[in-house]
Amino acid sequence: VQLQASGGGLVQPGGSLRLACKLSGFTLDYYAIGWFRQAPGKEREGVSCISTSDGVTYYADSVKGRFTISRENAANTFYLHMNTLKPEDTGTYYCAARLGFCSSRVVSGYLGMDYWGAGTQVTVSS
């Protein structure tokens, strides 16, 4: 079971990035796939999640309207499309999976994730 995140980089404020999370070793019938981030000196926070069963999504208030989570079924890959990036979006972004469904409790961290991938760094700076 592996999750591999990619797509991070340096981008100017107002710019866009697309992160990808490639999953292998999963049968993705009933999983919540989530994106989390951690800025230097801060606690990890949830960004978004999606249910593999029905595509239900949830977003943290800080990214709502700017970020979109999506899935490419054939490739077992999940994306986080990030638009209108702000300096406060800077951090290491991680994808993670847990058996179950996406909900606010996944993004809030109330429900822990079962599997984690290595992070990808996103830096928003001029």
Side-chain angles (χ1 to χ4, degrees):
V1 172
Q2 280 191 320
L3 300 92
Q4 184 171 3
S6 63
L10 173 64
V11 63
Q12 292 187 341
S16 299
L17 277 177
R18 186 185 75 168
L19 305 184
C21 179
K22 172 73 173 176
L23 280 72
S24 57
F26 285 87
T27 301
L28 291 172
D29 291 335
Y30 297 103
Y31 274 88
I33 307 300
W35 284 98
F36 297 78
R37 67 187 181 188
Q38 187 166 20
K42 294 188 177 181
E43 291 187 357
R44 187 173 60 203
E45 63 174 348
V47 175
S48 180
C49 65
I50 184 169
S51 291
T52 61
S53 58
D54 58 11
V56 168
T57 59
Y58 191 84
Y59 298 91
D61 287 342
S62 58
V63 305
K64 206 171 290 183
R66 300 188 298 122
F67 291 10
T68 303
I69 191 170
S70 66
R71 176 185 185 181
E72 182 180 345
N73 289 340
N76 264 7
T77 300
F78 294 79
Y79 299 99
L80 185 68
H81 306 262
M82 306 187 295
N83 298 316
T84 320
L85 282 160
K86 304 175 181 180
E88 51 264 42
D89 295 317
T90 294
T92 303
Y93 282 69
Y94 301 88
C95 61
R98 69 165 279 125
L99 193 64
F101 303 92
C102 169
S103 71
S104 62
R105 298 196 299 171
V106 171
V107 173
S108 71
Y110 182 81
L111 295 177
M113 306 303 281
D114 298 320
Y115 306 99
W116 290 87
T120 185
Q121 178 66 34
V122 172
T123 303
V124 184
S125 174
S126 54

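Positions are given from 1, in the same order as the sequence printed here.
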Checklist line | Shortest non-hydrogen contact from Gly91 toward Tyr93 | finding: O-CD1, 3.4 Å

Notebook entry, point to check: Within the side chain of Ser48, is there an N or O that forms a donor-acceptor pair under 3.5 Å with the backbone of Tyr58?
Noted result: yes

Margin query: Within this structure, what is the CZ-SG distance for the pair Arg105 and Cys49, rounded to the nearest 0.5 Å?
Written below: 11.5 Å

Margin query: For Gly46 versus Ala60, what's the shortest heavy-atom pair and its separation?
Written below: O-CB, 3.5 Å

Note to self: Would you say Val56 ends up clustered with Val107 if hydrophobic residues are merged whenever their side chains have heavy atoms under 4.5 Å apart, either directly or through other cluster members?
What the structure shows: no

Next item on the list: Provide the closest heavy-atom pair for Asp89 versus Val122 in the form atom of the first, atom of the second, distance.
Entry: O-CG1, 4.3 Å

Check: To the nearest 0.5 Å, how far apart are CG in Leu19 and CZ in Phe67?
Finding: 8.0 Å

Check: Which heavy atom in Thr77 sits nearest to a heavy atom in Ala20, and how many Å separate them?
Finding: CG2-CB, 4.1 Å

Item checked: Derivation of the side chain to side chain contact (heavy atoms under 4.5 Å, CB included) call for Phe78 and Leu23 -> CA-CA 8 Å; Phe78 294 79; Leu23 280 72; 3.7 Å; yes

Note to self: How long is the straight-line distance from CG of Leu3 back to SG of Cys21, given to the nearest 0.5 Å?
What the structure shows: 4.5 Å

Next item on the list: May I ask you to check whether over 12 heavy atoms, not counting those of Gln4, lie within 6.0 Å of atom CD?
Entry: no

Check: Would you say the side chains of Tyr94 and Gln38 form a donor-acceptor pair under 3.5 Å?
Finding: no

Next item on the list: Give, for atom CG of Leu80 and atom CD1 of Ile33, the distance between the pair rounded to the nearest 0.5 Å.
Entry: 13.0 Å

Check: Does atom CD of Gln2 have more than 12 heavy-atom neighbours, drawn from other residues, nucleotides or ligands, at distances under 6.0 Å?
Finding: no

Item checked: Test side chain to side chain contact (heavy atoms under 4.5 Å, CB included) applied to Thr68 - qualifying residues, sequence neighbours left out -> Tyr59, His81

Check: What are the two closest non-hydrogen atoms of Leu85 and Arg66, and how far apart are they?
Finding: CA-NH1, 3.9 Å

Next item on the list: Hey, could you give me each pair passing side-chain hydrogen bond (donor to acceptor under 3.5 Å, both in side chains) that has a residue in residues 6-30? Not counting sequence neighbours.
Entry: Ser16-Asn83

Notebook entry, point to check: With a 4.5 Å limit on heavy-atom distance, are the side chains of Arg37 and Ser62 in contact?
Noted result: yes

Note to self: Quick one: does any side-chain atom of Thr120 pair with a main-chain N or O of Ala5 as donor and acceptor, under 3.5 Å?
What the structure shows: no

Note to self: Test of understanding: clusters of I, L, V, M, F, W, Y form through side-chain heavy atoms closer than 4.5 Å, transitively. Do Met82 and Trp35 belong to the same one?
What the structure shows: yes

Next item on the list: Carefully, step by step, assess Arg44 and Thr92 under the rule side chain to side chain contact (heavy atoms under 4.5 Å, CB included).
Entry: CA-CA 9 Å; Arg44 187 173 60 203; Thr92 303; over 6 Å; no

Notebook entry, point to check: Which heavy atom of Ser103 sits nearest a heavy atom of Leu111, and at what distance?
Noted result: OG-CD1, 4.4 Å

Margin query: Can you tell me how the ring of Trp116 sits relative to the ring of Phe36, calling it parallel under 30°, perpendicular over 60° and tilted otherwise?
Written below: tilted

Margin query: Quick test of your reading of the model: are Lys64 and Asp61 salt-bridged, counting only N-O distances below 4.0 Å?
Written below: yes

Check: Any donor and acceptor pair, going by atom type alone, linking the side chain of Thr90 with main-chain N or O of Val124 inside 3.5 Å?
Finding: yes

Check: Any link between Tyr115 and Val47 through a network of hydrophobic side chains (Ile, Leu, Val, Met, Phe, Trp, Tyr) touching at under 4.5 Å?
Finding: yes

Notebook entry, point to check: In Å and rounded to the nearest 0.5 Å, what is the OG to CD1 distance from Ser70 to Ile50?
Noted result: 7.0 Å

